[in-house]
Amino acid sequence: MKAKATLKQIAKELGVSVSTVSKALNDSPEISEQTKVKIKEYAKLKNYKPNVIGLNLKNRKTKTIGVIIPNILNSFFAKVFSGIEKVADKKGYNVITCISNESLEKEIHTLEMLSNGTIDGFILSVSQEAQKLQDYNHFSEIINDGTPIVMFDRIADEVDCDKVVVDDFDSALNSTQHLINLGCKNIALISSVDNLSVGKLRADGYLKALADNNIPVNEKIILRTDSEDDMKAKIDSIFDHKIDGIFALDENDSVAALRVSLKKGYRVPEDISIIGFADGILASRRLSPSLTTVSQHGVEIGEVAAKRLIERLEEPEGTISEYETIVIKTKLKERESTRKK
């Protein structure tokens, strides 16, 4: 069977933009007749078939948003997705969701596959591998081809696009300060996300709080790793030293911190207070004692990201608004794992 060409392949082979190919195939008056004929004949020769899923003939839009999340098991991403879907449905847009599984290769493949006329724009959180390698060219290429992207949570500062983030640094600073205000003097840091932008910001906030309170940094009670497996393999070593507080930077870190504290014989919160950067069902409802957490407002992040993308998609032709970085404030939800003031 003869392989079908894509808009991107046709554009590359003819030395024009994807936008030009799309407009020519849709008889746009912006494209000269000579160029239209050339592109249409080449598309026919290459067995090009337009993607008609949800195609809106009036505005040539698919009215479909592509969402790429790194991990389907993370409750935070599930909350973000529910926010995206809520706004998309209200605005008459469909949503296609893909999982990168933290893989750069899969992230690139998904972007290329969906940007071929299947979707109008992307909402995504950058994969762990892309952040580790600092490889973000695939995002810039998609944007330069005319497909807008809104990044959330894990972002790439090097890429010019709209972004929705939480105040990771300030949240970590305030959480650590809360532990200090409770009387904690030896506060451990536990992180399995040190290779991610959010992990680095949260660790910096923790260190700033120590500095603000003239508390010396004790590297022996700081565990910064790149994976959950590595964190679990090393977490016991933290408890070889005197600690009276723990700040954990991810939901898995938070759960591990509580379980190991109890296993080591600590009374929570009488002997040790714990704050986790997460607010999933496991942390808030299924653990005893329940965890004090930094709530990231995942649903709100999804809603704001979807609204921003749709605003950009529905801008009048020729209008190019400034890119925005929207910061969502977190909230500390006090539960049983921290002492009362």
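Predicted model only: the values in this text are computed from it and were never measured.
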Enquirer: Can you check whether Phe239 and Tyr266 have ring centres sitting under 6.0 Å from each other?
Expert: yes

Enquirer: Any carboxylate oxygen within less than 4.0 angstrom of a Lys/Arg side-chain nitrogen, looking at Glu228 and Lys232?
Expert: yes

Enquirer: Counting only heavy atoms not in Glu105, do more than 12 sit closer than 6.0 Å to its CD atom?
Expert: no

Enquirer: Looking at Lys86 and Glu303, does any basic side-chain N land under 4.0 Å from a carboxylate oxygen?
Expert: yes

Enquirer: Can you confirm whether the side chains of Thr293 and Arg335 place a donor and an acceptor under 3.5 Å from each other?
Expert: yes

Enquirer: Within a 6.0 Å radius of atom NZ on Lys208, are there more than 12 heavy atoms belonging to other residues, nucleotides or ligands?
Expert: no

Enquirer: Find out whether the Lys NZ or Arg CZ of Arg202 is both under 6.0 angstrom from the six-membered ring centre of Phe169 and within 45° of the ring's axis.
Expert: no

Enquirer: Please verify the inter-ring angle class for Phe152 with Phe77; under 30° counts as parallel, over 60° as perpendicular, anything in between as tilted.
Expert: perpendicular

Enquirer: Which pair of heavy atoms, one from Val260 and one from Ile235, lies closest together, and at what distance?
Expert: CG2-CG2, 3.9 Å

Enquirer: Identify whether the distance between the nearest side-chain nitrogen and carboxylate oxygen of Glu33 and Lys36 falls below 4.0 Å.
Expert: yes

Enquirer: Answer yes if the side chains of Gln177 and Asn213 hold a donor-acceptor pair under 3.5 Å, and no otherwise.
Expert: yes

Enquirer: Would you say the side-chain atoms of Asp120 pair up with the backbone N or O of Thr62, donor to acceptor, closer than 3.5 Å?
Expert: yes

Enquirer: Can Arg308 and Glu324 be counted as an ion pair, charged N to O under 4.0 angstrom?
Expert: yes

